[in-house]
Amino acid sequence: MEWWYWILLGLILLGVELAAPSGFYLMFLGLAALCVGTLVSLGMAKTVWLQWVLFSGLSVMALLFFRGPLLARFKYKERPHDIVDALLGEIPVPLEDVEPGSTGKAELRGIEPPAISRT
């Protein structure tokens, strides 16, 4: 195949990854295609079978070694307000009598937040 076919394939795969995220699969295929296109343009991979072997090998190696750490780096981190929002509607169990207008202790999912009586 011509070198620019590989470059074009790589750019298309990277564009599709940007347009519709696929979990970083197409990105590594696109990068492998760009690498093969570069090798073909330098005259290092002239036969078609070698180009496909390089593309397959580079794709698999990139997926195995780089996808996991990349996913871990961009993993969704739960924000503190998400944790608090999950407690909405929960009713804490008072651990002691709480007089109206004062604070006391209560238990909610194993933690003891301060309880404030509003009535």
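Side chains are part of it too, since the values below use all heavy atoms of this structure and drop only hydrogens, waters and symmetry mates.
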Ignoring hydrogens, what is the shortest heavy-atom contact between Leu54 and Ala45? Give both atom names and the distance. CD1-CB, 3.7 Å

Minimum heavy-atom separation for Ala106 and Ala115, please, with both atom names. CB-CB, 3.8 Å

Once side chain to side chain contact (heavy atoms under 4.5 Å, CB included) is applied, do any residues pair with Glu112, and if so which ones, sequence neighbours excluded? Leu95, Lys105

Quiz: residues 19-38 side-chain donor-acceptor pairs under 3.5 angstrom, not counting sequence neighbours:
residue	atom	partner	partner atom	Å
Ser22	OG	Glu17	OE1	2.7
Tyr25	OH	Arg67	NH2	3.4
Thr38	OG1	Leu34	O	2.9

Do Phe55 and Phe66 sit in one hydrophobic cluster, given that two such residues count as connected whenever their side-chain heavy atoms are within less than 4.5 Å of each other, even indirectly? yes

So which pairs with a foot in residues 52-66 pass side chain to side chain donor-acceptor pair (under 3.5 Å), sequence neighbours left out? none

Let me check something: any side-chain donor-acceptor pairs from residues 2-11 under 3.5 Å, sequence neighbours excluded? List them with distances.
residue	atom	partner	partner atom	Å
Trp6	NE1	Gln51	OE1	2.8

Glu96 meets the side-chain hydrogen bond (donor to acceptor under 3.5 Å, both in side chains) criterion, sequence neighbours left out, with none

Is it true that, when you exclude Leu42 itself, more than 12 heavy atoms of the residues, nucleotides or ligands shown sit nearer than 6.0 Å to its CG? yes

Heavy atoms of Val48 and Met1 approach each other most closely as CG2-N, 3.3 Å

Pairing residues for Ser102 by the side-chain hydrogen bond (donor to acceptor under 3.5 Å, both in side chains) criterion, not counting sequence neighbours: none

